[in-house]
*Asks:* 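After the structure tokens below, expect a handful of questions from me.
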2 protein chains.
Amino acid sequence: MAVTDEAIEKIKGMIVSGALRPGDRLPKESELAADLGLSRNSLREAVRALSLIRILDVRQGDGTYVTSLDPQLLLEALSFVVDFHRDDTVLEFLAVRRILEPAATAMAASRISEQQLNALTNQLDKLGNDPSVEELVACDLEFHRGIVQSSGNSVLCSLLDGLSGPTTRARIWRGLTQEDAVSRTLHEHRAILAALRDRDAEAAKSWATVHIASVEQWLRSTL
Amino acid sequence: MAVTDEAIEKIKGMIVSGALRPGDRLPKESELAADLGLSRNSLREAVRALSLIRILDVRQGDGTYVTSLDPQLLLEALSFVVDFHRDDTVLEFLAVRRILEPAATAMAASRISEQQLNALTNQLDKLGNDPSVEELVACDLEFHRGIVQSSGNSVLCSLLDGLSGPTTRARIWRGLTQEDAVSRTLHEHRAILAALRDRDAEAAKSWATVHIASVEQWLRSTL
DNA sequence: GTGCCTGAGACGTCGGATGTCTTGCACGAC
DNA sequence: GTCGTGCAAGACATCCGACGTCTCAGGCAC
């Protein structure tokens, strides 16, 4: 194994074993390189790789630190990876989202706060009845993110956030080519929100499924 | 933005835009560095970071290539990230798995081949009635992976593969501390397999839920 | 035709030099 | 005494050039 890969594993080991805790500062590059037995150049490759996936946080002029290691932060790297997927796998991502999002919405039904419900309502009201496609899709993302956050599971939330990225483009195409898509989306959002307000997990789940399935069906028919 | 980060973005852009396709070979380091306007060292940091998440594949003495970009390959990086999570978030991972795995099992019910069913049967038979805990957990992983592969969604499959890692340890603890866990697991596996053979998606889903929920419940009670 | 050998090409690693940024401290004005 | 400015140290950012190691292809011997 290359020395850089060894260094990656060793740093990973230090964190997993607890020798380095979230927020801790690493020894300076030259020291750490000497400790691990490699050059500073090679060590930097390892550090850079770990910082790309949000394990380390390097601050020029200051030092290198272990991040909080929150699921949210680490799964952020997921969206970077997901960006690379080509359009022919969008359907698979969408299928996964169709599994997760209704479940998250159902979970949210029993946990969402009045405050959050009002915030979602305001958000939908503000959008009006005839938004642009871009506005609608942005609102769509925000709406679902708000609900999923209320599921209380940060891993689930981050995962959906990462998966939603690649389907965003698909939703924009749909809005541009399918005429009733906008009004249908608005209607479905209202229905989901109403179900949440009723604390009706089953209804919320069903509406969420319908909501995503309609995108999926459209996409499947156009590919 | 640092030159290395710029390089990462530029390489990413070349791939996403299609200028570089899966399997393509990159210009040699010195050339690419010159093209992108940075030193070879800095470029190498970018390449190393992208190879950690399986975007690039560097082969010493040969060259640097774009990987296949399969969902399977890219989500493999997920397990690397997941390794960093501390035990207090295992429950959240397990909750996500409890959503995905039953859904995947249900999908498999209508698609799984006779051949695959027989393979799973053999696998369970080979394990016998009194396996060691380690054997059981290894078999458990293999069993579920086989089923999820039959769901026909490679994104789903890779995602579950990545999520299953951190819960593995939990399952081992359980096997060691809860006496009837082994026999119960064996029984549940048989039940899932029987449901699949009957092409009964609903039953398969329910058994899969029960299967995971029992681990989850035990874990929740011991933390 | 087969197999070994060799050389070119490309990545792997290293050491050092210089630039840039952050931070903390000391000094001086108010 | 307090606040603000300026300097200096520490740490990361970037670069250059050199040498080691590995892979692969082509030539040569059998």
Side-chain angles (χ1 to χ4, degrees), chain A residues 1-15 19-69 73 76-77 80, chain B residues 1-15 19-69 73 76-77 80:
Chain A
M1 191 192 294
V3 291
T4 302
D5 293 312
E6 275 181 44
I8 291 176
E9 287 301 321
K10 283 179 183 169
I11 296 173
K12 175 181 177 180
M14 286 192 283
I15 295 174
L20 285 174
R21 306 178 59 79
D24 277 0
R25 176 179 176 160
L26 274 67
K28 67 177 179 182
E29 288 182 345
S30 57
E31 276 181 25
L32 188 56
D35 287 348
L36 299 182
L38 40 65
S39 75
R40 190 172 154 243
N41 269 333
S42 299
L43 173 69
R44 275 181 59 76
E45 289 183 18
V47 170
R48 172 72 65 174
L50 289 172
S51 85
L52 179 69
I53 57 176
R54 306 288 202 281
I55 301 296
L56 298 179
D57 178 24
V58 293
R59 307 176 200 162
Q60 181 179 165
D62 184 358
T64 303
Y65 299 81
V66 180
T67 66
S68 65
L69 298 181
L73 197 62
E76 202 177 282
F80 185 90
Chain B
M1 191 190 293
V3 292
T4 301
D5 293 313
E6 276 181 43
I8 291 176
E9 287 300 322
K10 284 178 182 171
I11 296 173
K12 176 181 176 179
M14 287 192 282
I15 295 174
L20 285 174
R21 306 180 60 80
D24 276 0
R25 176 179 176 160
L26 274 67
K28 65 178 180 182
E29 289 181 345
S30 56
E31 276 182 25
L32 187 56
D35 286 348
L36 299 182
L38 40 65
S39 75
R40 190 175 155 232
N41 267 333
S42 299
L43 173 70
R44 276 181 59 77
E45 290 182 19
V47 170
R48 172 72 65 175
L50 289 173
S51 88
L52 179 69
I53 57 176
R54 305 287 202 281
I55 301 295
L56 298 179
D57 177 26
V58 292
R59 307 176 200 162
Q60 182 179 166
D62 184 356
T64 303
Y65 299 81
V66 180
T67 66
S68 64
L69 299 181
L73 196 62
E76 202 178 283
F80 185 90

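Lettering of chains follows the sequences in order, A, B, ..., and the numbering in each one begins at 1. In this text the structure is predicted, and so the values were computed from the model without any measurement.
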*Asks:* I need the Arg44(B) CZ to Thr4(B) OG1 distance, nearest 0.5 Å.
*Replies:* 12.0 Å
*Asks:* Does dA13(D) have OP1 or OP2 sitting under 4.0 Å from an N or O in the side chain of Thr4(B)?
*Replies:* no
*Asks:* Looking only at non-hydrogen atoms, find the nearest pair between Ser68(A) and Pro22(A) and report the distance.
*Replies:* O-CB, 3.7 Å
*Asks:* What string of B, S and - do you get for nucleotides 14-21 of chain C, 5' to 3', if B is base contact, S is sugar-phosphate-only contact and - is no contact with any protein heavy atom under 4.0 Å?
*Replies:* BBBB-BBB
*Asks:* Which heavy atom of Arg21(A) sits nearest a heavy atom of Val66(A), and at what distance?
*Replies:* O-CB, 3.6 Å
*Asks:* Quick one: list whatever passes ring pair (Phe, Tyr, Trp, His ring centres under 6.0 Å) with Phe80(A), sequence neighbours left out.
*Replies:* Phe84(A)
*Asks:* Could you give the CD-to-P distance, from Glu6(B) to dC15(D), as a whole number of Å?
*Replies:* 10 Å
*Asks:* Please enumerate all residues that pass salt bridge (charged side-chain N to carboxylate O under 4.0 Å, His left out) together with Glu9(A), with sequence neighbours excluded.
*Replies:* none
*Asks:* How many Å lie between CZ on Arg44(B) and P on dC16(D), as a whole number?
*Replies:* 16 Å
*Asks:* Can you sort out the partners of Arg59(B) under side chain to side chain donor-acceptor pair (under 3.5 Å), two or more places apart, ordered by chain and number?
*Replies:* Asp57(B)
*Asks:* Got a sec, which residues hit side chain to side chain donor-acceptor pair (under 3.5 Å) with Asp5(A), two or more places apart in sequence or on another chain?
*Replies:* Arg48(B)
*Asks:* Does Arg25(B) reach the side chain of Asp62(B), with side-chain heavy atoms less than 4.5 Å apart?
*Replies:* yes
*Asks:* To the nearest angstrom, how far is Leu56(B) atom CG from dG12(C) atom P?
*Replies:* 12 Å
*Asks:* Between the protein and nucleotides 6-8 of chain D, which nitrogen or oxygen pairs come in under 3.5 angstrom?
*Replies:*
none

*Asks:* Once you round it to whole Å, what is the distance between C1' of dT21(D) and CG of Asp5(A)?
*Replies:* 15 Å
*Asks:* From the list dA10(C), dC12(D), dT13(C), which nucleotide is the closest neighbour of the side chain of Thr64(A)?
*Replies:* dC12(D)
*Asks:* Between Glu45(A) and Lys28(B), which has a closest nucleotide on DNA chain C that is more 5'?
*Replies:* Lys28(B)
*Asks:* Check this one for me: any side-chain N or O of Arg59(A) less than 4.0 Å away from OP1 or OP2 of dT22(C)?
*Replies:* no
*Asks:* Distance check, rounded to the nearest 0.5 Å: Leu26(A) atom CG versus Lys28(A) atom NZ?
*Replies:* 14.0 Å
*Asks:* Report the distance from atom CG of Asp57(A) to atom P of dC12(D), rounded to the nearest whole Å.
*Replies:* 12 Å
